[in-house]
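Have a look at the structure below, then the notes.
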Number of protein chains: 2
Amino acid sequence: MLYLVGLGLADETDITVKGLEIVKKAERVYLEAYTSILLVDKEKLESFYGRDVIIADRETVEGGSDDILENAQEKDIAFLVVGDPFGATTHTDLVLRARELSIPVQTIPNASILSAIGSTGLQLYNFGQTVSMVFFTENWRPSSFYDRIKENTSIGLHTLVLVDIKVKEQSYEDMARGRKVYQPPRYMTVSQCASQMLEVEDSRKEQVYAEDSLAIGAARVGSKDQKMACGTLEELSTIDLGPPLHSLVLLGKRAHDLERDYIRAFAVNQQSFDASWAKYYSS
Amino acid sequence: MLYLVGLGLADETDITVKGLEIVKKAERVYLEAYTSILLVDKEKLESFYGRDVIIADRETVEGGSDDILENAQEKDIAFLVVGDPFGATTHTDLVLRARELSIPVQTIPNASILSAIGSTGLQLYNFGQTVSMVFFTENWRPSSFYDRIKENTSIGLHTLVLVDIKVKEQSYEDMARGRKVYQPPRYMTVSQCASQMLEVEDSRKEQVYAEDSLAIGAARVGSKDQKMACGTLEELSTIDLGPPLHSLVLLGKRAHDLERDYIRAFAVNQQSFDASWAKYYSS
């Protein structure tokens, strides 16, 4: 049996009781470590589980899933995923491969940022499609997220923006030379995300949002150290919310008063919050 | 401290290790029991926790939240919510009241149907806003869900339809006479949901979807006994997926081939699946 076990969002104790039992008994335990991270390291997990954990990077999962699935017809294999196994990035290809090999699959769900973002106080019913924001480079500044946000805002919905993480990335030079040398991990911040959003609005000028549109920056959601800041995109473009992981929610115009009451407590500046609210969101 | 603890979706072992520690130590433990249910009963939870659990029905939470919050400035109170505390229904009013009373609040996230529905194999990025379907009565057949679905389908997105549950409801007669007598619980099925959707399309005729539009019925998501069926709305309108809870996802036209490969394994009838796919979703 292949078990896809969600780990939740923050630390080693966010695993479910059911998930923990599976990990303790499994023949091999893999940790998918390239689409998201916990706020604790592998050693902490190993000591909590009392088990060795094998790091599964992108190469292992996408190129060598048969190693992971080896003898899973008879033995139990646990594949650990930060958040929910089918959350921000799905592992459908691993499951499809397991199906081909007649390996039964069971999923142990857990918290995902897609639902935990409800702790902003914004109603999950009012969210449109989720978008991703990648690190812009000199030559690659994709703005497809802008089209998706436009679709959401056109019907008044909030947008959750998931921000890029770069783990075990090679530089172009090292890649070209075939050197397996990896860059230090990088995690996009709320301020970088807000800046890139404003840059794209500035070049596309379709008035999907503006400098004084309201958004919420959320850091380390689900941990004790969780932090929320509500402000205009301009305010958020210079904010420091501390260590990763960060996410951002752009408010839709269908926002209602109960949501306002809740998020106003997170306002960076209540005066600018009230001004933007009155301008765009009060109906 | 007020702890909002998510219980996940299926049984008593879906609580997180962190959540369980809080429940074991809390001064009082409440279970919110009107917006969703676990697939196990209160007694099972109590024996697993080694604690008494106080059922909090709608009256208690909405009318008497101060009972729940009593002495929570000094003591730890655990308020248990099936799924994620901020999932399908938010408990923002309870948190707002706690804030007024200067009671600190911490949330322990868990799996919600909003992310666990990813186990259909549909990409969560491709979902629009979530809608709710209530039991139609002779005089009350609200079709606002249809407008929301129309917004989603107009931009090609999937729609998660959460279906009604009726727990501790009074009949009109008992309510009028002030008798605290409650009806047996009722849980909407996928077939009822699909039928009501078709009825509304039939009366509104805005071609938001059709009898041969594809949808996935999902039952008991996150449990060992989870069941998925993919078919046309007409096929799903007569399907029996067994005990609650059920949900339905209406496919959006932006569905892609990896999603097709995954969900085709759940097809009620692969021939009609392929026909509908070719008609509406292949791009």
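Letters A, B, ... are given to chains in the order of the sequence lines, protein chains preceding strands, and every chain is numbered from 1. The figures here come from the full heavy-atom set of this structure, side chains too, leaving out hydrogens, waters and symmetry mates.
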Please look at Gln106(B) and chain A and tell me whether the side chain, the backbone, both or neither of the residue comes under 4.5 angstrom of a heavy atom of that chain.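 Only the side chain of Gln106(B) comes within 4.5 Å of chain A.
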
Interatomic distance, [X] atom [atom1] to [Y] atom [atom2] [nearest 0.5 angstrom]:
X: Phe86(A); Y: Leu122(B); atom1: CZ; atom2: CG; result: 11.0 Å
X: Glu259(B); Y: Thr92(A); atom1: CD; atom2: OG1; result: 8.5 Å
X: Leu124(B); Y: Ile113(A); atom1: CG; atom2: CD1; result: 13.0 Å
X: Ser112(A); Y: Asp84(B); atom1: OG; atom2: CG; result: 9.5 Å

Among Thr16(B), Asp14(B), Ile15(B), which one satisfies side chain to side chain contact (heavy atoms under 4.5 Å, CB included) with Val17(A)?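 Of Thr16(B), Asp14(B), Ile15(B), side chain to side chain contact (heavy atoms under 4.5 Å, CB included) with Val17(A) is met by Ile15(B) alone.
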
Check the pair Arg148(B) / Ile155(A) against side-chain contact (heavy atoms from CB on, under 4.5 Å), numbers first and verdict last. CA-CA 9 Å; Arg148(B) 301 284 92 77; Ile155(A) 50 178; over 6 Å; no

Decide if atom [atom1] of [X] counts as having more than 12 heavy atoms of other residues, nucleotides or ligands within a radius under 6.0 Å.
X: Glu100(B); atom1: CD; value: yes
X: Lys42(A); atom1: NZ; value: yes
X: Glu206(B); atom1: CD; value: yes

Are Arg99(A) and Tyr262(B) in a cation-pi contact, defined as NZ or CZ under 6.0 Å from the six-membered ring centre and within 45° of the axis?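 That pair qualifies as a cation-pi contact.
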
Using heavy-atom distances under 4.5 Å, tell me whether Leu20(A) contacts chain B through its side chain, its backbone, both, or neither.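 Only the side chain of Leu20(A) comes within 4.5 Å of chain B.
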
Interface residue of largest heavy-atom contact number with chain A, from Ile108(B), Val95(B), Thr107(B), under 4.5 Å: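 So the answer, after comparing Ile108(B), Val95(B), Thr107(B), is Val95(B).
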
Using a cut-off of under 4.5 Å on heavy-atom pairs, state which of Ser132(A), Gly19(A), Gly6(A) scores highest against chain B.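 Looking at each of Ser132(A), Gly19(A), Gly6(A) in turn, Ser132(A) comes out on top.
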
Report the residue from His158(A), Gln129(A), Arg254(A) that forms a side chain to side chain donor-acceptor pair (under 3.5 Å) with Gln129(B).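 With Gln129(B) as partner, His158(A), Gln129(A), Arg254(A) yield a single side chain to side chain donor-acceptor pair (under 3.5 Å), made by Arg254(A).
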
Run the side-chain contact (heavy atoms from CB on, under 4.5 Å) check on Leu96(B) and Leu258(A) step by step: do they pass? CA-CA 9 Å; Leu96(B) 286 171; Leu258(A) 188 66; 3.6 Å; yes

Taking heavy atoms only and a threshold strictly under 4.5 Å, list by residue number the residues of residues 218-229 of chain A that touch chain B; give 'none' if the list is empty.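 Result: Gly222(A), Lys224(A).
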
Nearest heavy-atom pair of Asn110(A) and Ser115(B): which atoms, and what distance?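 Taking every non-hydrogen atom into account, O-OG, 4.3 Å.
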
side-chain contact (heavy atoms from CB on, under 4.5 Å) partners for Lys44(A), two or more places apart: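 Glu12(A), Val40(A), Asp41(A).
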
From CA spacing to verdict: side-chain contact (heavy atoms from CB on, under 4.5 Å), Leu114(B), Tyr125(A): CA-CA 10 Å; Leu114(B) 277 82; Tyr125(A) 281 91; over 6 Å; no

